[in-house]
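Side chains are part of it too, since the values below use all heavy atoms of this structure and drop only hydrogens, waters and symmetry mates. Residue numbers count from 1 along this sequence. Not measured: the values here are computed from a predicted model.
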Amino acid sequence: PVFNGAMPPLPLLLLALLFSAASSAAPTYCVSTSNFPGGDLAGMPIDAADALACRTKCQSNKSCVAYTFQAAGCQYGSTKCTSAVGCCFLKSHIDQTMAPTVDLCSCSELLRVPPSPFKPLAAPPKDAKNVLFIVVDDLRPDLVAYGQSPKTHVSPNIKKLADSALLFEHAYCQIAVCAPSRNSFMTGRRPDRAGIYNFLDHFRHASCGTTAPDYKHTGTVLRIEKLTGCNTDGDADLAALAVNDDGSAGPLVRLPQLQAGGDCGGSGQCCSLCSEDAKCTHWTFRPDTLECHLFQGVTSRVHMAGAVSGHSGNFSTHAAWTSMPEHFKNHGYLTLGTGKLYHPGGGGVHNRDPDMNGPGLPPNEDPRSWSDGLSMRLPETVAAMPGCNMDSNTSCPINATLDGTLANPDMDKQFCDRIVADDAIAKLRLAVQNYAATGQPFWLGAGFRKPHLTFRFPRPFLDLLPPMNETDVAAHPTLDPSVPPIAHASNPPQGSPYVPVERSVAQRWRTFYRASIAWMDSQVGRLLNELDALGMTNTTMVVFTADHGWSLGEQGQWRKMNNFENGARVPLLVRTPWLPQSAGQRTAALAELIDVYPTLNDALGVPFVAGERGDIDGTSLLPILQNPLDRELAVKVKPYAWSQYPRCPRDPAQLWQDNQCLQTDRTAMAYMGYTLRTPDFRLTLWPKWDGATLRPLWNESAGTELYSHKSDTGCSFDTENANMNGTFPAETAQLTALLQQLVANQTRI
C-alpha cells in the first residue's frame, strides 16, 4: 500500500502484515511446528538430516503414509531427538492428525492416502471438481464482507473470498445451537426430522417410534447401562450457564434442567442400545440415575416422573441417512475432515459398534463420512479450546505473534484454530497430490472453532481494533416489554434481560469477539491461499458458513439458543469458479443451511444413486448461482426460511431464565419455538410441546412475535426490538397459517 511517504499507523501495518502473511506461498511439503502422534513403524526414529531426507525415506517405504521430522536436539514433552543429525518418524497410520500442543522444532506431512477396503457406489463425474467446505463456530455476519467497517472489524481474507464468491445476505440455520445444527446441515434434514434438538441425540441413533414419557417399564432386565463417561470438555455451552449476581460468567453449575440426560445421551441412546440387541424388546431411560434399563419382555408400565420408555427400534430410518461428505465418498471422492464439523461434545457408550462409542454427536466425527484415516476423530483432544477469564481484560489476549506462535509455549496451550489450519493444509496437500497422481477429486471439510467462547486469541489482534472503551454496544440492550419472555435465553454476561449489562463488560465481550474473528480469519486465509498456491482454486468449489448466529447484547440477549434474527442468521459465501457470473455478487435471496448439501450435489453433478438415502429437505441454490441478479427467480427458489428452538424453563413465572434445554430429553421439553423468515417479516410462535408425540400444541402458546424486515439492509444487528404482531394482524394471521402448515407437513422422526 502507498502511504504518501508517511509512516502508517501501527494497526495498518499489522493489518498489512496479517494479510501478506496469509497470502505468502506455503512450502510444498512438511507443515512446520506440527507433529503426528502414534502410528510409528518399528525401529523409529531413524536418522535424517532434514525434512526432505525424511520424506524420501517415507516415499521409499510402501508401508509409510506419513512422517514427522524433528531437528537434532529437539525436545518436546517426553520426546527428545538424540540423533546428531535429526530424527525421522515414519508412520503406517495416523492415530490423530496433529498433536494438540506446540512443537517448534518438528514438521509433518501426510504422504499417502491410507489403504482402505471401501468401494464407492459410483464413479465421480467426468472432469470432476473439488469441494472445500469451511464452517465456523458461533459466527454471525459480523464481517467486512457483510458491510461492517474495516476500521472496527478485521476480516480481510473472508472479504477476499467474498470478492470472488456469491454472498447470500439472508442465510439461516435450522436451530441456533451447535450439535443439532450440524446434524441438520451435514444431513440436509430439519431438526424435527430426526428429533435432534440439543446435546443428547444424533442422527446415527436408532429410531424407536413413539415413546412414553414419565413411565418406566418393569419386567425381565437384560442389563443396566450408565450413560456417563463421554468427553464433554468441549461443551463450553454447558460450562458457562451459571450467572453470578453481578452478571459475570460463573463456574459450571449443574442446574436441574441439565440433569435430564447424561453426557453420553438420553432416551435416544437407550433406544440404540436396545435396538442392536436381538434379545432386547423394551427399554427405559432413568434421568435420576442416568441409566438405560434394557428388558427382555415387560410385565407392566408404571408412572415415573422424568423417565422415558419405549420398545426396540431399527437403524433403517435416520441412522441410514447418507451424510453430505459420505455422499461424495460414495461417488469416488477422497473425503477429508478436520476441526469441528460435527459436534465434539456428548457422545455414545456401550454400543456394539466401536465407532459409536466415544465423544461426539455423532461419536468420533461420524467415521462413515470420511475416507479411512483422514478425519480428526477427536477434535476436543486434538484442537481443544483452552479457557480464559472473560471477566478480565488481560486473560484472553495471549502473548503470541500474529501467526499464533506462542511466546511461552511451555505455559500456554496452542490455539485451536492454528491446529485446525495446520491439519487442513496437510490434508489439502495430500488431496492435491493424490488428485494429480490418480485424478480422484476431493471433499475437504475444515471446522474452525473461534469465535466460540471463550474468546482466546493472539494479543496483537487487539492492536487492529479500536480501543476497548470506544467499542460500540447494542442500541437496545434490554428486552422490550412487548416481546414474550420465552423468546429470551438467559446467558452470561447479562443476568436479566430487563437489566442492561455494564457498558465496560459489553465492550469487552464485543471487542474480544471481533478479535477472535480476526484471528480465525487469518487461519482461514492460510487455507485459502494454500489452495491457490497449489493451483486448485479454479477447480474447487468453496463454501464458507457458520453453524448458527450470535447475539452481543441486542434485546438483552447474549450468545445463541434463540429464534431471533441474530441467532438464526449466518454468513454464507459460495465460490463456484466455473460460474463466473456469480463471482463478487450479492443476493438478497433467502437460503438455509440445509440447502448447501443439494446445492453442492447439483453444482458438481453428483446425484444420489441406489444404496443412498437422498430424501433430504434442502433446496438446491444452483439456479441462484447461475442467475444471481434475478430477484423473481430467487423468491421462486426460496420464498421463506424457517428454524426452531426448544424451551425448558425452570420457573413458569420467569420463562426467560435457565430455559436452554441443552441436556433435556426431547420428550421432557416444555415448548418448541418455530420461526419463519420471509423477505419482509419474521414470525415466531411458541407452542407447548407434546413429548409423547414430539409435536407442537398450537392451541397452548407462550407467545407470538412479529418483526418487520422491510428496511433491513443486513448490516445492523439491532433489527428485532419491538414486537409488531399487533401492528400487522393480517400478516401475523397469514404467516401463522403458513408456518403451522409447514411444520405439520414435514417428514418427522
(message) Test of understanding: with salt bridge (charged side-chain N to carboxylate O under 4.0 Å, His left out), list the residues that count as partners of Arg204, not counting sequence neighbours.
(response) Glu326, Asp366
Has [X] got a side-chain atom pairing as donor or acceptor with [Y]'s backbone, closer than 3.5 angstrom?
{"X": "Arg449", "Y": "Ala383", "value": "yes"}
{"X": "Thr338", "Y": "Met376", "value": "no"}
{"X": "Gln557", "Y": "Leu552", "value": "no"}
{"X": "His331", "Y": "Pro607", "value": "yes"}
{"X": "Thr599", "Y": "Asp595", "value": "yes"}
{"X": "His318", "Y": "Phe203", "value": "yes"}
{"X": "Gln740", "Y": "Trp698", "value": "no"}
{"X": "Glu612", "Y": "Val609", "value": "yes"}
{"X": "Asn183", "Y": "Ser181", "value": "no"}
{"X": "Lys560", "Y": "Gly549", "value": "no"}

(request) Test Arg193 against every option in Thr187, Thr317, Asp615 by the side chain to side chain donor-acceptor pair (under 3.5 Å) rule and name the one that passes. (result) Asp615
How about [X] and [Y]: does a side-chain donor come under 3.5 Å of a side-chain acceptor?
{"X": "Asp718", "Y": "Ser716", "answer": "no"}
{"X": "Ser620", "Y": "Asp602", "answer": "yes"}
{"X": "Tyr707", "Y": "Glu705", "answer": "yes"}
{"X": "Asp192", "Y": "Tyr197", "answer": "yes"}
{"X": "Asp355", "Y": "Asn364", "answer": "no"}
{"X": "His548", "Y": "Asp138", "answer": "yes"}
{"X": "Asn563", "Y": "Thr675", "answer": "no"}

Salt bridge between [X] and [Y], side-chain N to carboxylate O under 4.0 Å?
{"X": "Asp712", "Y": "Arg677", "result": "yes"}
{"X": "Glu169", "Y": "Arg569", "result": "no"}
{"X": "Asp137", "Y": "Lys450", "result": "no"}
{"X": "Lys340", "Y": "Asp417", "result": "no"}
{"X": "Lys638", "Y": "Glu592", "result": "yes"}

(request) Would you indicate whether Gln734, at its atom CD, is surrounded by more than 12 heavy atoms from other residues, nucleotides or ligands within a distance under 6.0 Å? (result) no
(message) Applying the side-chain contact (heavy atoms from CB on, under 4.5 Å) criterion to Val542, which one of Val131, Leu161, Leu573, Thr576 satisfies it?
(response) Leu161
For [X] and [Y], work out which heavy atoms get closest and say how close.
{"X": "Pro646", "Y": "Met669", "value": "CB-SD, 3.6 Å"}
{"X": "Pro679", "Y": "Pro639", "value": "CD-O, 3.6 Å"}
{"X": "Thr335", "Y": "Pro325", "value": "CG2-O, 3.2 Å"}
{"X": "Asn198", "Y": "Cys661", "value": "ND2-O, 2.8 Å"}

Side chain proximity check, [X] to [Y], heavy atoms < 4.5 angstrom:
{"X": "Ser323", "Y": "Tyr342", "result": "yes"}
{"X": "Asn330", "Y": "Pro120", "result": "no"}
{"X": "Leu132", "Y": "Met541", "result": "no"}

Measure from NZ or CZ of [X] to the centre of the six-membered ring of [Y], then state whether that distance is under 6.0 Å and the direction lies within 45° of the axis.
{"X": "Arg575", "Y": "Phe544", "value": "no"}
{"X": "Lys329", "Y": "Trp370", "value": "no"}
{"X": "Arg189", "Y": "Trp321", "value": "yes"}

(message) Aromatic contact between Phe681 and His709, with the criterion being ring centroids under 6.0 Å apart: yes or no?
(response) no
(request) Could you tell me if the ring centre of Tyr597 sits under 6.0 Å from that of Phe133? (result) no
(request) Decide side chain to side chain donor-acceptor pair (under 3.5 Å) for His153 and Asp142; before the verdict, give the C-alpha distance in whole Å, the side-chain angles of both, and the deciding distance to 0.1 Å. (result) CA-CA 8 Å; His153 296 69; Asp142 215 3; 2.9 Å; yes
